[in-house]
Amino acid sequence: MCGIVGIVGHTPVNQRIYDALTVLQHRGQDAAGIMTVRDGEMFLHKDSGLVKDVFDERHMLQLQGNVGIGHVRYPTAGCDSASESQPFYVNAPYGLGLGHNGNLTNTAELAEALWRDERRHLNTSSDSEALLNIFASELQRLNAAHLEPADLFRALANVYRRVRGGYAVVALVVGHGIVGFRDPNGIRPLVLGKRVTPRGTEWMLASESVALDLVGFELVRDVAPGEVVYVEDDGTLHAQQVVPPASHSPCVFEYVYFARPDSIIDNISVHKARMRMGEKLAEKILRLQPAHDIDVVIPIPDTSRTSAMQLAQKLGVEYREGFVKNRYIGRTFIMPGQEQRQKSVRSKLNAIPLEFRGRNVLLVDDSIVRGTTSAQIIDLAREAGAAKVYFASAAPPVRYPNVYGIDMPAASELVAAGRTEAEVARLIGADWLVYQDLEDLVAAVRHDKARIESFDTSCFSGEYVTGDVTRDYLARLEAERCDDAKASRRATMPEPERGPPRARVRVV
C-alpha cells in the first residue's frame, strides 16, 4: 500500500506536499519522495525511511516550484530496494514523474512488450516503473510539440487498454501540469480537492481526504473509476471519463485497516463504517453467545478502537483501554520480515494489569492476518492477569492474498488459510474467537449515498474483481511474497549506484 499526493498551486508546494505525506505515513513507512518543477527543471529527493527522516531543511529548500507530486511506500510484491522509491522519472517525452498506489497484475507482460516493441529498458522490478514507461510510450506516439488535454486523454485511454490491476496514479508532466487517474474498478482510492486563493484556484489530488484537510484544501469529490483529471500549471482543470467504468468495487480493506478514521473515501466515512462493523460484530456475538460472560471489551490500538467502542455499547459491557502503545514503532502489518514483526509487538504494546486482572476480557482487533501478533497480544493479556481471553476480529478470516496493492503474505502464511475458526483460536491461544461475517462487513461499509454496488473482498472471498487472476499468477505471487524470498532478496541486494542525475532532473 502507498500514499500519493499531487498539487498545482500559485505558491511553492514543497511544504504542503511534505505535510500531506506525513498524514499519509500510515500507508507506507518504507520510503518517501517528492518531485517538483520550476521553469522546466525538475527537482527530486527520495530515499528509504519515514518522511521526517528522508527530508531535512536542505532538501526542502531545493524542492522548488508551484507544481509537484509526492509518494510514501511500503514494499509490494518483489519490491524491496531503496532504488524503487518513488516518484519515478523518465525524460522523454516532455519529462514525466509518476507516483503509484496499487499493483498491476500484468507487469511481466508489460515489461516484455516495452523491451520487445518499444526498446524501453526498466531499471527495477517495480510495476510502477512499467506503468510510467507505458504512459511515456503512449505520449511519445502522439508526437505533439505541445500537449493538449485531448492528447493526454487519448494517450491515457491507450494506457488503460494496456494495463490491468488496481491502481491510483499521480503524474507530473513538465511544462504542462499534473495528472491523476484511477483503475476502472476504483479499487484504489483517489480524491480531488481545491483551495481558492487571491491568486486563483489551487488543486490537489491525494489518496485520502485527510491529506486535503491538513493543508487547507476542500474535498470536491472522488476521482471516478476510469476517469482522468488533468490540472494545467496555471490551475485550469480538465476531467474526462476516458474508459467506461467497470463495476465500482473499492477495496474493503481500506475501511477495515488502512485508511485513517478521519478520511472519507468514495463518499464513505471510514469512522462510521468502523462503527457499523462493531455493531454487526456485537449482533453476531449475541446470536452465538447470548449468555456470554464478557466482563470488559479492550481494543488493540489503534484501528480497532472505533469498532470496539460500538461493540461494547451494543453488548452493554464496559469498554476500557488496556494497552499503552509506543507511537514510535511502525505498523507491524507492513514491516518487511516476520522476525522484525515479532520483535516489534512487545516493544509496541504494554498491558495495564489493572484492566485485566481476574477478568474475562474480549480483545478486539481490526483483522487477523498471520496470527503471530494476535498470539503475542493474547499472551500479554494473560500475563497481565486475565481470567479468560476472548478475541474478536472486525473483519472476516483472511484466507487469500490481495493482488491489488496490499502486500499481504503468501497464502501459506495466512493463519486462517485452510483452517476453521476453532483451529485458529487454538493457534493464537484464545479461549474463544469470533470473526465478522463477510456479508455483515459489506453491509457495514456500504451506505445509500455512496452508490457503491460492490467491494473488492478478494482477501476474504478469493474472488478477484478484475477477472484476470489465475492460479499460476497466484503461485508466482506466493513465491515472491513469502518471507524466505524477501529475506533472500535483501541478503543479495547490491548497494544502489550513485550516478549523476539524468537529463534536467536535479536530485537534491
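- For the atom pair D213 CG and E218 CD, the distance stands at 10.5 Å (nearest 0.5 Å).
- Classification of R188 and E254 as a salt-bridged pair holds, one side-chain N sitting under 4.0 Å from a carboxylate O.
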| message | With side-chain hydrogen bond (donor to acceptor under 3.5 Å, both in side chains) as the criterion, how do R16 and T11 come out once you've worked through the C-alpha distance, each side chain's angles and the decisive distance to 0.1 Å? | response | CA-CA 10 Å; R16 285 177 284 173; T11 56; 3.1 Å; yes

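- Sparse packing is recorded around CZ of R199, with 12 or fewer heavy atoms of other residues, nucleotides or ligands lying under 6.0 Å away.
- Considering CD of E227 and CG of D222, their distance stands at 10.0 Å, rounded to 0.5 Å.
- Residues Q29 and L50 meet the side-chain proximity criterion, which asks for heavy atoms closer than 4.5 Å.
- Taking the six-membered ring where tryptophan is involved, the planes of F253 and F460 are tilted, since the angle between them lies from 30° to 60°.
- Smallest separation of non-hydrogen atoms from D262 and S209: O-OG, 4.2 Å.
- Legend: ring pair (Phe, Tyr, Trp, His ring centres under 6.0 Å) pairs involving residues 189-248, not counting sequence neighbours, sorted by first then second residue: Y230-H238.
- Between L63 and T36, the closest heavy-atom pair is C-OG1, 3.3 Å.
- In this structure, R116 places its CZ atom where more than 12 heavy-atom neighbours from other residues, nucleotides or ligands lie under 6.0 Å away.
- Tested against P87, the residues V170, L96, L44, L98 include a single side chain to side chain contact (heavy atoms under 4.5 Å, CB included) partner, L44.
- Side-chain contact, T105 with Y464: no donor N or O sits under 3.5 Å from an acceptor N or O.
- In this structure, V37 and V173 have side chains that are not in contact, with every pair of non-hydrogen atoms separated by 4.5 Å or more.
- In this structure the side chain of C459 never reaches within 4.5 angstrom of the side chain of I406, judged on heavy atoms.
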| task | Could you walk me through whether D234 and T236 pass the side-chain hydrogen bond (donor to acceptor under 3.5 Å, both in side chains) test, one step at a time? | result | CA-CA 6 Å; D234 63 2; T236 304; 2.8 Å; yes

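- Not a single ring-ring contact (aromatic ring centres under 6.0 Å, His included) links H121 to another residue, sequence neighbours left out.
- Summarising the geometry, atom CD1 belonging to I268 is positioned 12.5 Å from atom OG belonging to S263; distances are rounded to the nearest 0.5 Å.
- The backbone N or O of S125 lies less than 3.5 Å from no partner atom in the side chain of E129, so there is not a single donor-acceptor pair.
- Annotation: side chain of E478 is in contact with side chain of S412 (closest heavy-atom distance under 4.5 Å).
- Between the side chain of Q436 and the backbone N or O of A395 there is no donor-acceptor pair closer than 3.5 Å.
- In this structure, CG on L152 lies 9.0 Å from CZ on F181, to the nearest 0.5 angstrom.
- Environment of CG in D56: crowded, with over 12 heavy atoms of neighbouring residues, nucleotides or ligands closer than 6.0 Å.
- Without hydrogens or angle criteria, N185 side chain to S247 main chain gives a donor-acceptor distance under 3.5 Å.
- For the pair I134 and L110, the tightest heavy-atom approach, listed with the atom from each and the gap, is CD1-CD2, 3.9 Å.
- Between D456 and S458, the side chains place a donor N or O and an acceptor N or O closer than 3.5 Å (distance only, hydrogens not considered).
- Side-chain contact check for S128 and Q86: at least one donor-acceptor pair (N or O, by modelled atom type) lies under 3.5 Å.
- For the atom pair CG (L441) and CE (M277), the distance works out to 5.5 Å, reported to the nearest 0.5 Å.
- Taking the six-membered ring where tryptophan is involved, the planes of H146 and H176 are tilted, since the angle between them lies from 30° to 60°.
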| query | E109 and R162: side-chain contact (heavy atoms from CB on, under 4.5 Å), yes or no, with the steps? | reply | CA-CA 10 Å; E109 172 188 322; R162 296 179 67 175; over 6 Å; no

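- When side chains are defined from C-beta on, M204 counts as touching V5, because their heavy atoms get closer than 4.5 Å.
- No hydrogens or angles considered: nothing links the side chains of T197 and E202 as a donor-acceptor pair under 3.5 Å.
- A 4.5 Å side-chain heavy-atom check between H59 and F43 finds every atom pair outside the cut-off.
- Note: S249 OG to I187 CD1 = 7.0 Å, rounded to the nearest 0.5 Å.
- A donor-acceptor pair is defined here as one N or O able to donate and one able to accept, closer than 3.5 Å; such a pair exists between the side chain of T22 and the backbone of D19.
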| task | Begin from the C-alpha positions of L24 and V51 and carry the test side-chain contact (heavy atoms from CB on, under 4.5 Å) through to its verdict. | result | CA-CA 10 Å; L24 295 177; V51 174; over 6 Å; no

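- Between E41 and R38 there is no salt bridge, since no side-chain nitrogen of the basic residue lies less than 4.0 Å from a carboxylate oxygen of the acidic one.
- A donor-acceptor distance shorter than 3.5 angstrom exists from the side chain of Y255 to the backbone of I265, with no hydrogens or angles considered.
- Residues N158 and R141 have side chains not in contact (no heavy-atom distance under 4.5 Å, counting atoms from C-beta outward).
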| task | Kindly determine whether L122 and F88 satisfy side-chain contact (heavy atoms from CB on, under 4.5 Å), including the steps that lead there. | result | CA-CA 11 Å; L122 301 183; F88 283 119; over 6 Å; no

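- Looking at T306, its side chain never comes within 3.5 Å of a backbone N or O of H271 through a donor-acceptor pair.
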| Checking side-chain contact (heavy atoms from CB on, under 4.5 Å) for the pair R27/R260: CA distance, chi angles, key distance, verdict? | CA-CA 9 Å; R27 301 185 68 87; R260 274 182 45 147; over 6 Å; no

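- Contact check for R73 versus K46: no side-chain heavy atoms found under the 4.5 Å cut-off.
- Under a 3.5 Å cut-off, the side chain of Q140 and the backbone N or O of N143 do not form any donor-acceptor pair.
- Crowding of R119 atom CZ: a count of heavy atoms from other residues, nucleotides or ligands under 6.0 Å exceeding 12.
- A donor-acceptor contact shorter than 3.5 Å links the side chain of H10 to the backbone of T201.
- Across every non-hydrogen atom of D127 and G102, the tightest pair is OD2-O, 3.9 Å.
- Residues I4 and S207 approach most closely at N-OG, 2.9 Å, considering heavy atoms.
- Shortest non-hydrogen contact noted between I17 and G68 is CD1-C, 3.4 Å.
- Under a 3.5 Å cut-off, the side chain of H71 and the backbone N or O of S85 do not form any donor-acceptor pair.
- Taking the six-membered ring where tryptophan is involved, the planes of F258 and Y74 are essentially parallel, since the angle between them stays under 30° and well short of 60°.
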